[in-house]
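For reference, the structure is listed below as C-alpha cells.
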Amino acid sequence: MLERNAVLEVVALLLIQGEKVLVAQRPKKDRLAYKWEFPGGKIEKGESPEDALIREIQEELGVSIRVLSHFKTIEHLEPPVPLRLYAYFAQLQGGNPVPQEQQNIQWIPFNELLSLDFAPADIPLAQYLVSYLNTV
Ligand code: DCM
C-alpha cells in the first residue's frame, strides 16, 4: 500500500479519578491545534499499543502508568489523516500528570466531557466512554 494511504495507528489513555477523566488540549503548533483529546500518540514500528501508551504518557505527562484494559478501537478513516485509535483504561503508578509539551490538561467531570471541542476521532470515543460510565 502506498504510504499516503496508510492508516495511522494511535493510542489513547482513559485515566479516571473519582468522577473525572483526564483530557489534553493539542498545542498551537500541532495539527488539530487547540482540539481536545485523550492523551496519547502514534504507535512506533514494532511497538505494542500498551508499550506505546506507556511511552507516550511518560513523554507527554511525565508519569508512569499501568495499562488495565482495552476499551474501544475507533476507526476514523477520513483524510487528511486516516487513523485507528486504540483506547485503554490505565491507572497512575504514582505522581501527577504534568504537561511536558506545552499542552493544556484538565480533569473534567464526566457530565461535562461531551461539551469539549474534541479532535474528530475522540468524539465517538468520548461518547462511548460517557455511555459506559453511566452503566457502571
Ligand atoms: N490523535 C487523535 N486522538 C488522540 C491522540 C492522537 O486524533 N487521542 C491523532 C492526532 C494526530 C495523530 O493522532 O493526527 C498523532 O498524534 P500526535 O501528533 O499527538 O503524535
Side-chain angles (χ1 to χ4, degrees):
M1 191 187 272
L2 293 173
E3 190 58 37
R4 68 172 177 277
N5 291 328
V7 175
L8 196 64
E9 307 258 304
V10 179
V11 282
L13 170 72
L14 304 175
L15 186 61
I16 289 170
Q17 258 181 26
E19 303 267 293
K20 295 182 178 178
V21 57
L22 187 71
V23 288
Q25 189 178 35
R26 298 180 63 81
K28 181 180 177 191
K29 62 177 171 53
D30 277 26
R31 206 178 81 75
L32 300 171
Y34 303 121
K35 295 287 186 187
W36 290 88
E37 66 180 10
F38 297 95
K42 291 180 212 108
I43 303 174
E44 287 178 0
K45 234 191 166 94
E47 206 175 32
S48 69
E50 290 88 345
D51 286 346
L53 190 59
I54 290 166
R55 176 185 52 72
E56 283 284 346
I57 297 309
Q58 187 71 59
E59 286 171 9
E60 286 183 15
L61 299 173
V63 283
S64 60
I65 52 163
R66 188 161 83 89
V67 179
L68 297 175
S69 60
H70 175 253
F71 173 60
K72 226 19 141 209
T73 299
I74 305 291
E75 290 199 322
H76 179 82
L77 299 178
E78 278 94 272
V81 181
L83 60 87
R84 192 170 292 121
L85 184 60
Y86 302 88
Y88 288 84
F89 289 112
Q91 65 188 29
L92 289 172
Q93 296 274 61
N96 281 315
V98 176
Q100 310 287 310
E101 299 173 348
Q102 294 124 43
Q103 75 279 37
N104 290 320
I105 62 170
Q106 63 169 318
W107 291 96
I108 186 157
F110 299 159
N111 63 6
E112 293 173 27
L113 190 62
L114 298 183
S115 67
L116 290 177
D117 184 16
F118 275 110
D122 295 70
I123 296 172
L125 180 54
Q127 290 167 340
Y128 282 122
L129 182 63
V130 169
S131 302
Y132 171 76
L133 292 169
N134 285 331
T135 68
V136 292

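Counting starts at 1 for both ligands and their atoms, following the listed order. Numbering of residues begins at 1 and proceeds along the displayed sequence. None of these values were measured; they are calculated from a predicted model.
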For E50, give me all partners under side chain to side chain donor-acceptor pair (under 3.5 Å), at least two apart in sequence or on another chain.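 Scan of E50 (side chain to side chain donor-acceptor pair (under 3.5 Å), adjacent residues dropped) gives none.
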Could you list the atoms of ligand 1 found under 4.0 angstrom from a heavy atom of K42?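 Every atom of ligand 1 under 4.0 Å from some heavy atom of K42: 15 (C), 20 (O).
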Hey, which atoms in ligand 1 end up nearer than 4.0 Å to a heavy atom of L8?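 Counting from 1, the qualifying ligand atoms are 12 (C).
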Does a side-chain heavy-atom distance below 4.5 Å link P99 with N104?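 No; the side chains remain at least 4.5 Å from each other.
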Closest approach of any protein heavy atom to atom 9 (C) of ligand 1, naming residue and atom: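 Answer, as residue, atom name and distance: L83 CD2, 3.6 Å.
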So between [options], whose heavy atom ends up nearest [atom]?
atom                    : options             : result
atom 16 (O) of ligand 1 : E9, R26, E59        : R26
atom 5 (C) of ligand 1  : Q103, R31, K35, E37 : E37
atom 2 (C) of ligand 1  : L32, D122, V10, V11 : D122

Counting the benzene-type ring for Trp, do F71 and F38 have ring centres under 6.0 Å apart?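 So the answer is no for these two rings.
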Going by side chain to side chain contact (heavy atoms under 4.5 Å, CB included), L13 matches just one of V67, I65, I54. Which one?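 Among V67, I65, I54, the one meeting side chain to side chain contact (heavy atoms under 4.5 Å, CB included) with L13 is I65.
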So, using side-chain contact (heavy atoms from CB on, under 4.5 Å) as the criterion, who are the partners of L32 when residues are at least two apart?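 In terms of side-chain contact (heavy atoms from CB on, under 4.5 Å), with neighbours along the sequence ignored, L32 is linked to R26, K35, A119, P120.
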